[in-house]
Protein chains: 2
Amino acid sequence: MIKKLQTEKELEQMARFAKALGHPIRLTILQHLEKQSCCFTGDFVDILPVAQSTVSQHIKELKDAGLIQGEINPPKVKYCINQENWDKAKALFCDFFDVDFTNSSCSI
Amino acid sequence: MIKKLQTEKELEQMARFAKALGHPIRLTILQHLEKQSCCFTGDFVDILPVAQSTVSQHIKELKDAGLIQGEINPPKVKYCINQENWDKAKALFCDFFDVDFTNSSCSI
DNA sequence: ATAATTCATCGTATATTTGCGATAAACTAT
DNA sequence: ATAGTTTATCGCAAATATACGATGAATTAT
């Protein structure tokens with residue numbers, strides 16, 4: 001397998017993803033979304049040991065990084081993984097770590 | 001393939017790694033170390049568009065995160081990937097993204 | 001209409017990150 | 001000894017991140 005070099009743009013995109021992944025609370029949120037398709041903000045507030053406003057802020061950062069997306073479902077908001085960017089992130093990290101992900105298991 | 005859930009400790013370790021990866025300069029440094037076994041600090045200073053002290057600081061962060069290690073080679077310092085922790089990071093990210101890395105290409 | 005629920009945003013405080021120039025430390029070469 | 005090379009660290013400034021309580025916005029239930 002030939003290691004594919006990442007361009008500067010790709011490294012910047014990956015850094016943005018990595019930064020978003022760089023906090024335990026945000027990783028926990030993502031892990032829950034990976035397990036069970038979608039969650040409401042309140043679900044995370046129940047689990048996480050921080051205030052509701054703090055959870056909301058972490059959600060916002062994941063949303064800004066493009067890793068999740070929200071769907072308003074009054075009075076709740078349902079969050080899901082943004083599959084397109086999630087796959088992009090997966091590809092960037094796999095490239096970076098020199099992992100062949102083309103044959104990896106598909107979650108569908 | 002069954003998705004392996006990551007423990008809180010693992011998520012914290014992964015967050016520390018991700019945080020270290022969350023800057024383009026640090027990704028560039030790591031990519032260079034991946035390509036060519038080892039580098040001196042000066043090699044990075046030549047490439048990167050920031051001051052020497054800034055490069056040194058980014059190197060320190062990668063070292064603190066355990067992703068690289070330095071070997072004093074007076075008056076220079078030679079840096080290499082810390083393979084043990086690199087593999088640990090690779091495993092954590094692959095688990096997180098649900099990628100099967102057990103059969104991935106080995107760089108040796 | 002009023003109250004309750006859910007969530008984002010604001011304002012604030014504190015901590016961390018980022019970047020720089022200047023300086024110090026360690027060693028080599030002259 | 002003196003000067004040069006390489007790198008880390010210090011001190012500083014500015015920006016960003018983290019966390020909280022309070023408040024506001026949107027909607028549902030009474």
Side-chain angles (χ1 to χ4, degrees), chain A residues 8 11-30 32-33 36-82, chain B residues 8 11-30 32-33 36-82:
Chain A
E8 201 175 321
L11 284 185
E12 262 169 39
Q13 174 65 81
M14 182 176 160
R16 225 174 310 147
F17 284 143
K19 203 172 183 183
L21 298 178
H23 195 290
I25 285 184
R26 294 196 287 271
L27 289 183
T28 304
I29 290 172
L30 289 171
H32 270 267
L33 289 179
Q36 59 195 80
S37 54
C38 291
C39 287
F40 299 112
T41 303
D43 297 338
F44 302 127
V45 176
D46 292 343
I47 302 167
L48 298 165
V50 287
Q52 177 265 323
S53 59
T54 305
V55 172
S56 210
Q57 218 169 334
H58 283 297
I59 285 174
K60 180 171 160 44
E61 271 172 69
L62 289 172
K63 214 168 39 179
D64 289 348
L67 290 171
I68 66 174
Q69 61 199 149
E71 183 191 318
I72 294 173
N73 208 333
K76 300 188 176 186
V77 179
K78 195 169 71 177
Y79 284 102
C80 306
I81 295 277
N82 181 322
Chain B
E8 202 176 321
L11 284 185
E12 263 170 37
Q13 174 65 81
M14 181 176 161
R16 225 175 310 147
F17 285 144
K19 202 171 180 181
L21 298 179
H23 195 292
I25 285 183
R26 294 196 287 271
L27 287 183
T28 304
I29 290 172
L30 289 171
H32 269 268
L33 289 179
Q36 59 195 82
S37 54
C38 292
C39 288
F40 299 112
T41 303
D43 299 337
F44 301 127
V45 176
D46 292 342
I47 301 167
L48 298 165
V50 288
Q52 178 264 323
S53 60
T54 305
V55 172
S56 210
Q57 218 169 334
H58 282 297
I59 286 174
K60 180 172 161 42
E61 271 171 70
L62 289 172
K63 212 168 41 179
D64 288 349
L67 290 171
I68 67 174
Q69 61 199 149
E71 183 191 319
I72 295 172
N73 208 333
K76 300 189 177 187
V77 179
K78 195 169 70 175
Y79 284 102
C80 307
I81 296 275
N82 180 322

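So that the names make sense, note that chain A is the first sequence line, chain B the second, and so on, each numbered from 1. In this text, all values refer to a predicted model and were calculated from it rather than measured experimentally.
- For C:dC7, neither phosphate oxygen OP1 nor OP2 lies less than 4.0 angstrom from any side-chain nitrogen or oxygen of A:Ser56.
- A:Ser56 contributes no side-chain N or O that, together with a main-chain N or O of A:Gln52, makes up a donor-acceptor pair within less than 3.5 Å.
- Counting any heavy atom pair closer than 4.0 Å across all strands shown, A:Thr41 reaches sugar-phosphate atoms only and no base atom.
- Applying the 3.5 Å distance criterion, the base of C:dA8 shares a donor-acceptor pair with the side chain of A:Gln52.
- With a heavy-atom cut-off of 4.0 Å to chain B, the contacted part of DNA chain D has its first and last nucleotide at D:dT5 to D:dT9.
- You'll find that the side chain of A:Ser53 is closest to C:dT9, out of C:dT9, C:dC7, C:dC27.
- When the P atom of C:dT17 is taken as reference, atom CG of B:Leu21 falls 14 Å away, rounded to whole Å.
- Atom NZ of A:Lys76 is separated from atom C1' of C:dA4 by 14 Å (rounded to the nearest Å).
- Rounding to the nearest 0.5 Å places CE of A:Met14 at 14.5 Å from NZ of A:Lys19.
- Between the C1' atom of C:dT18 and the CG atom of B:Leu27 lies a distance of 15 Å, rounded to the nearest Å.
- Taking atom CG of residue B:Leu62 and atom C1' of nucleotide C:dT17, one finds them 14 Å apart after rounding to whole Å.
- As judged by a 4.0 angstrom heavy-atom cut-off over every strand, A:Lys19 is placed among residues touching the sugar-phosphate backbone only.
- Comparing B:Val50 and A:Lys63 by the nucleotide of DNA chain C that holds the closest heavy atom to each, the one mapping nearer the 5' end is A:Lys63.
- A residue-by-residue look at A:Ile72 and A:His58 shows that A:His58 has its nearest nucleotide of DNA chain D further toward the 5' end.
- For A:Asp43 (side chain) and A:Phe40 (main-chain N/O), a donor-acceptor pair under 3.5 Å exists by modelled atom type.
- Annotation: side chain of B:Val55 is in contact with side chain of B:Val50 (closest heavy-atom distance under 4.5 Å).
- Applying the 4.0 Å criterion to OP1 and OP2 of C:dG19, one finds that B:His23 has a side-chain N or O inside that range.
- Relative orientation of the A:His32 and A:Phe44 rings is perpendicular, given thresholds of 30° and 60° on the angle between their planes.
- Among the heavy atoms of the strands lying under 4.0 Å from B:Glu61 are primed sugar atoms or P, OP1, OP2 only; no base atom is included.
- When all heavy atoms of B:Gln69 and B:Ile81 are compared, the pair lying nearest together is OE1-O, 3.5 Å.
- Among the protein residues, B:Pro75 comes within range of the nucleic acid bases, having at least one heavy atom under 4.0 Å from a base atom.
- One finds the OG1 atom of B:Thr28 at 9.5 Å from the NE2 atom of B:His23 (value rounded to the nearest 0.5 Å).
- Here the C1' atom of nucleotide C:dT6 and the CD atom of A:Glu71 are 16 Å apart, to the nearest Å.
- Comparing A:Pro74 and A:Ile25 along DNA chain D, the residue whose closest nucleotide (by nearest heavy atom) sits nearer the 5' end is A:Ile25.
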